[in-house]
Number of protein chains: 2
Amino acid sequence: MKKNMIITIGRQFGSGGREIGMGLSEALGIPFYDKELIVAAAKKSGLSEAMFEHVDEKAANSLLYSLVLGAYTPSNALSGMPPVYMNETLFRIQSDVICDLANEGPCVIVGRCADYILRERDDCINLFVHAPLTHRIERVLDTCDVTKEKVEDLIAKTDKKRANFYNYYTGQKWGEAKNYHISLDSSLLGVDGWVKALAQTL
Amino acid sequence: MKKNMIITIGRQFGSGGREIGMGLSEALGIPFYDKELIVAAAKKSGLSEAMFEHVDEKAANSLLYSLVLGAYTPSNALSGMPPVYMNETLFRIQSDVICDLANEGPCVIVGRCADYILRERDDCINLFVHAPLTHRIERVLDTCDVTKEKVEDLIAKTDKKRANFYNYYTGQKWGEAKNYHISLDSSLLGVDGWVKALAQTL
């Protein structure tokens, strides 16, 4: 396979997709972008990080959601814009940031429809990382501040949010194998095992 | 990863999933079952191969389909059974054959819900193979007796049939990444490239 690729990673919550991305970034010596995209989008636009944080990986298709977003009043040209358009505008700004970063060279980008945003490029490898629910519950209990009673609900809600966001902006289906070059169950080899296997293959 | 695994392969039509399975069977020195399952099911049941061929990877959920199947009258205990039950019975016979083969040792099994039928075992690796439509059109034109005008229709209909069959018998969604340990775009590395990469990883 070609070297010097841009790697995008979609992931179920608690699957370790972010960690596999970080491992690949380290193994291949290329930059890693996850929440870093929010900082970059804020810097590019002059808007606050809080605004991007608020809409991060959320779809803009509910009136209630738009009203909530409307509580954020930016201090520039977006001011006065109906909330639903504001949301779309923030998505476009973040998409531009993703395109700019891809133009700078090989990197790992987690979430945020990067596979779709960069679909015209022929130097992307799109990954989707998932794992059985029992495995994800264990991982989330180990890494997040959540109780045993609430962990399943947190996983279901976060995955639903990610799926809605992806489906809304791409017109494709989140987690459908055909949208990604490789989809993998992280529990099969573990995070380190998959980083090694992918780094050898990529 | 554990050695000596049973490998099941779901696949889009024209993706090369069967060929990857054959390659893995050869590389790992384990038996390969695709259409061979029909012969084994016929032998086990005493019914004709034609009967199993007729229902192969087709769902049993349409009245029309059941009526068509009803035209086949077996010469044993299935005779007189309503068509829809006959179809379920043939599926159960084939499922038993798949379980028997898995009990015999490591092997590669293509299609026929084998991932779901063997879901209680912990020695299975479930793969799903897909590829972009343009790539599949080329492959099907090279290997099947079909015209350029009809190839897209053949691909769409075969995939729809496979999806209906899988969704009907498993209650899961064919081609959804989370149902398989690894889903892969065969065009990324090619059949030989994937056989090599998977054989190293498995």
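Just so we're on the same page: letters track the sequence lines, and every chain starts at 1.
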| Quick one: what part of K173(A) sits under 4.5 Å from any heavy atom of chain B, side chain, backbone, both or neither? |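 Contact with chain B is through the side chain of K173(A) alone.
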| Is it the side chain or the backbone of W194(A) that comes within 4.5 Å of chain B heavy atoms, both, or neither? |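 The answer is the side chain of W194(A).
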Inspect the surroundings of [atom1] in [X] and state if more than 12 heavy atoms from other residues, nucleotides or ligands are less than 6.0 Å away.
X       : atom1 : value
E36(A)  : CD    : yes
Q172(A) : CD    : yes
K196(B) : NZ    : no
D192(B) : CG    : no

Could you measure the distance from the [atom1] atom of [X] to the [atom2] atom of [Y]? Nearest 0.5 Å is fine.
X       : Y       : atom1 : atom2 : value
I182(B) : D185(A) : CD1   : CG    : 9.0 Å
S183(B) : L127(A) : OG    : CG    : 12.0 Å
H181(A) : L189(B) : NE2   : CG    : 10.0 Å

| Main-chain N/O of A177(B) paired with H130(A) side-chain donor or acceptor, under 3.5 Å |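 Yes; at least one donor-acceptor contact below 3.5 Å.
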| Do Q12(B) and K178(A) come close enough that some side-chain heavy atom pair is under 4.5 Å? |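 Q12(B) reaches K178(A) side chain to side chain.
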